[in-house]
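Worksheet: the structure to be examined is printed underneath.
Letters A, B, ... are given to chains in the order of the sequence lines, protein chains preceding strands, and every chain is numbered from 1. Reckoned from all heavy atoms, side chains included, excluding hydrogens, waters and symmetry mates.
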Number of protein chains: 2
Amino acid sequence: MGTTPPTRPVSVKDVAAAAGVSLGTVSNVLNRPEKVAESTRTRVARVMSELGFVRNESARQLRAGKSRVLAYVMLDASNPFFHDVARGVEDVAEPEDLVVFSCHSDQDALRERTYLDRLAQQRVQGVLVTPVDPDSAALVELSERGTPVVVVDRVSAPGRLCSVAVDDVRGGRIAVEHLLERGHRRIAYIGGPERIGQIRDRRTGARLALEQAGLPPDSLVELATESLTVAEGIEAGSRIAGLSGDSRPTAAFCANDLVALGLLQQCVALGVSVPGDLAIVGYDDIDFAAAAAVPLTSVRQPRRELGRRATQLLLDEATNPDHVHDQVTFVPELVARASTSHS
Amino acid sequence: MGTTPPTRPVSVKDVAAAAGVSLGTVSNVLNRPEKVAESTRTRVARVMSELGFVRNESARQLRAGKSRVLAYVMLDASNPFFHDVARGVEDVAEPEDLVVFSCHSDQDALRERTYLDRLAQQRVQGVLVTPVDPDSAALVELSERGTPVVVVDRVSAPGRLCSVAVDDVRGGRIAVEHLLERGHRRIAYIGGPERIGQIRDRRTGARLALEQAGLPPDSLVELATESLTVAEGIEAGSRIAGLSGDSRPTAAFCANDLVALGLLQQCVALGVSVPGDLAIVGYDDIDFAAAAAVPLTSVRQPRRELGRRATQLLLDEATNPDHVHDQVTFVPELVARASTSHS
DNA sequence: TGCGCGTTGTGAAACCTTTCACCTCGTCCC
DNA sequence: GGGACGAGGTGAAAGGTTTCACAACGCGCA
């Protein structure tokens, strides 16, 4: 027994012929079963399963003019944060009988662009995207050409697109305020690359907190990283451990939890006590943060809610002719744990 | 300036009219530009961009009978392992001008089933899937109905599907052999749920190693977990730390790195020295493993290569009429690090 | 002049589903 | 008994793209 020869897929026409009814009736069984007599309906249904009929979504979509697919373009699949957002997207999409496909831009503007183009060609119902550059004209263009777009975790082109974000400036501020309250004065900010807006905003918030405390905003010790990964956190840990007593910061605020966890691990490995020698605050409050060897203080964002709200906006844009673009901003909160406790 | 009114998208017909050529010519510009005179071609191209023409992939696909989309159904998006596999998939898909969409079954057979159905309806070129149950009839059915399927990270229905896997029994064996060489005799296996094949195979390998060393196979201390997450690893750590001296294992082999990292963190937190009091071996060698506070010994799988090879098989099945199903098995290797070093 | 050839462009058909106006029966009621 | 009505069913049209047989045209050559 080998492979079945590549036979043409079964169409409604085949089903109609085999069941001895018309095309329209088969379609009615599929779409308006209450319009079809019980006996006919079961007969057609049986034929369908015997023949292995599978609806052709392309044809359906061509006729309907729109698809039953949502897409989520992720900025960084290695960061669990975005998976939690994705889960929120599914929470809302599933009851609407929509299917969610994910793509991964990996912080690459070109990849992102390619995916957006493909998705437009697919005529997806809408696109959720955490963009490399929220001010990219491509997003507004896509939206104006008829593919609803919601920007997630960034504020974008006010009035021209919907967006759902968390106030990153505030997040940065409360993180550093927390460290200041704990008595720290030499504070490092670890993050990069510069072009990512979240990273800039969190730093802005950090500086703001210093300023309000009467410290010069440039007292923030900045350690730039190539990306927000565990590896970069480890690297930063080595750099910090290498600093001599006075110039070494007593606390570090990391642009996300992956960096913070890397930093934490390297500190443990190099004998730098956390929080004794170095207090650490992360960002995102991913599940890993609470579970670290020294549980990590972090800025929590309502990740899943972010995905939910974004999807609601997307669906409104897709279906409501009176849709008005909305910019939702959530407020982050600080979750204090051992990595910043009084020693 | 508000939103553009929801106008009908631009079709080839519109472009043809605006450019003063026929439908067929527009299509030729798109698909066989060398057949069109230079002047016509540039004129049509200009009109396209002026009008904002976007190809309708549904119609294209309807006509062509197949799509330019590959799908990857992930078992567990929170495990970086699968993202590395996905990267391998893209390595191969991108040059072929195929777009890769990911879905997340989250180890839920129903979710998996729903996605597979949707993908069949979408008439995707093919599906890569790490299934909850590789022996599920649904996979073979999908394949026989014309959607190429390749099973990733599992061996499935020999001769009826392609699959690309890593020898998990061998992986389990070398992990435990390594611990035996280090002198350990009371070894724990931490993993679950039972229904996941990888988990059973790795345990089988572990028992095999004990057997070969002349120890009874049931000398393996089994700690079942609900899932393979950091949280479960932490939970397991508490249980192990709670055991009194003699009954406590001196080494633990974890079914994946997430569990191992959770275990490791909890040991550090509870003052159980690693590897002194407990040696730990993980599985997958995710980037996090090398970066842990105590770098983790782990069983490495060629993740990206797994994705690449699987995609090659998928494309062969999709395009080559003489395709023969193939079962590729890679050999895992042990990466020894501090978590099992001689203390 | 007439023929053939190559280049360029044309337009109808096909892909599969859904919808909608319309047809055909029985039933029921006056 | 005739008309209205409702339930059940029909079949053509539409949606956007690609393909393919074919037409139109200019040109060189006999």
Side-chain angles (χ1 to χ4, degrees), chain A residues 6-45 47-48 51-69 118 120-124 145-147, chain B residues 6-45 47-48 51-69 118 120-124 145-147:
Chain A
T7 160
R8 187 178 53 76
V10 180
S11 76
V12 277
K13 205 191 295 185
D14 303 324
V15 174
V21 294
S22 78
L23 257 174
T25 301
V26 177
S27 179
N28 281 337
V29 170
L30 250 22
N31 302 296
R32 295 189 290 301
E34 75 283 359
K35 292 270 169 205
V36 181
E38 170 70 24
S39 64
T40 319
R41 197 190 326 147
T42 54
R43 179 159 43 97
V44 172
V47 170
M48 279 184 180
L51 263 47
F53 169 75
V54 176
R55 255 173 160 154
N56 184 326
E57 187 64 28
S58 307
R60 247 191 129 181
Q61 181 171 326
L62 176 59
R63 178 71 231 247
K66 61 178 189 166
S67 76
R68 306 208 56 74
V69 174
R118 301 301 189 105
Q121 292 178 6
Q122 296 278 340
R123 298 286 193 277
V124 294
R145 287 192 178 159
T147 304
Chain B
T7 161
R8 188 178 51 75
V10 179
S11 76
V12 279
K13 206 190 292 183
D14 303 323
V15 173
V21 295
S22 78
L23 257 172
T25 301
V26 176
S27 179
N28 281 337
V29 170
L30 251 20
N31 302 297
R32 298 191 290 302
E34 75 283 0
K35 292 270 168 204
V36 181
E38 170 71 24
S39 64
T40 321
R41 198 191 321 147
T42 55
R43 180 160 43 98
V44 171
V47 170
M48 279 184 179
L51 263 47
F53 169 74
V54 176
R55 254 173 161 153
N56 184 325
E57 187 65 27
S58 308
R60 238 189 138 184
Q61 183 171 325
L62 176 59
R63 177 67 229 244
K66 62 178 189 166
S67 75
R68 308 208 54 76
V69 174
R118 301 301 190 106
Q121 292 178 8
Q122 296 277 341
R123 299 285 193 277
V124 295
R145 286 191 179 160
T147 304

**Item:** Inter- and intrachain pairs under salt bridge (charged side-chain N to carboxylate O under 4.0 Å, His left out), touching residues 15-26 of chain A, at least two apart
**Value:** none
**Prompt:** Side chains of B:F53 and B:V12: closer than 4.5 Å at any heavy-atom pair?
**Reply:** yes
**Asked** Sub-3.5 Å donor-acceptor pair from the side chain of B:Q61 to the main-chain atoms of A:Q122, do we have one?
**Response** no
**Prompt:** So what does B:S58 touch, heavy atoms closer than 4.0 Å: a base, only the sugar-phosphate, or nothing?
**Reply:** nothing
**Prompt:** CG of B:N56 versus P of C:dC16: gap in Å, rounded?
**Reply:** 16 Å
**Asked** Phosphate oxygens OP1/OP2 of C:dC16: is one of them under 4.0 Å from a side-chain N or O of B:R123?
**Response** no
**Request:** Applying side chain to side chain donor-acceptor pair (under 3.5 Å), name anything that partners A:T25, two or more places apart in sequence or on another chain.
**Result:** A:S22
**Request:** Tell me, please, which residues at least two apart from A:R43 pass salt bridge (charged side-chain N to carboxylate O under 4.0 Å, His left out).
**Result:** none
**Asked** What integer distance in Å separates B:Q61:CD from C:dT17:C1'?
**Response** 14 Å
**Request:** Would you please name every residue forming a salt bridge (charged side-chain N to carboxylate O under 4.0 Å, His left out) with A:R118, sequence neighbours left out?
**Result:** B:D97
**Message:** Judged by each residue's nearest nucleotide on DNA chain D, which is more toward the 5′ side, A:R41 or B:F53?
**Reply:** A:R41
**Item:** Side-chain N,O (B:R63) to OP1/OP2 (C:dA14) below 4.0 Å
**Value:** no
**Complete:** Expected list for residues 17-29 of chain B near DNA chain C, using heavy atoms below 4.0 Å, is B:V21, B:S22, B:G24, B:T25, B:N28
**Request:** Please report the closest heavy-atom contact between A:S39 and A:T42, naming both atoms and the distance.
**Result:** O-OG1, 3.0 Å
**Item:** Length of the CZ-P vector between A:R32 and C:dT18, whole Å
**Value:** 9 Å
**Asked** With sequence neighbours left out, what residues match B:E38 under salt bridge (charged side-chain N to carboxylate O under 4.0 Å, His left out)?
**Response** B:R41
**Request:** Any pair with a residue in residues 55-65 of chain B that passes salt bridge (charged side-chain N to carboxylate O under 4.0 Å, His left out), sequence neighbours left out, goes on the list, sorted by first then second residue, please.
**Result:** B:E57-B:R60
**Request:** Please report, rounded to the nearest Å, how far the P atom of C:dT18 is from the NZ atom of A:K35.
**Result:** 17 Å
**Item:** Shortest non-hydrogen separation from B:A16 to B:L23 and the atoms involved
**Value:** CB-N, 3.8 Å
**Request:** With DNA chain C as reference, determine whether B:A37 or B:L62 sits nearer its 5' end, using the nearest nucleotide of each.
**Result:** B:A37
**Message:** Using the side-chain contact (heavy atoms from CB on, under 4.5 Å) criterion, which residues pair with A:V54? Sequence neighbours excluded.
**Reply:** B:A120, B:Q121, B:R123
**Prompt:** If you fit an axis to the five pairs at each end of the helix from C:dT1-D:dA30 to C:dC30-D:dG1, how big is the angle between those two axes, to 10 degrees?
**Reply:** 60°
Under 3.5 Å, N/O pairs linking protein and nucleotides 21-27 of chain C:
none

**Request:** Would you kindly give the NZ-to-P distance between B:K13 and C:dT10, to the nearest whole Å?
**Result:** 16 Å
**Message:** When you compare the side chain of A:V10 with that of B:R145, does any pair of heavy atoms fall below 4.5 Å?
**Reply:** no
**Prompt:** Can you give the first and last nucleotides of DNA chain D, 5' to 3', that have an atom under 4.0 Å from a heavy atom of chain A?
**Reply:** D:dG8 to D:dG16
**Asked** Nearest-Å distance, CD (B:E57) to P (C:dC15)?
**Response** 19 Å
**Asked** Atom CZ of A:R8 to atom C1' of C:dA14: distance rounded to whole Å?
**Response** 12 Å
**Item:** salt bridge (charged side-chain N to carboxylate O under 4.0 Å, His left out): pairs with one or both residues in residues 11-35 of chain B, sequence neighbours excluded
**Value:** B:R8-B:D14
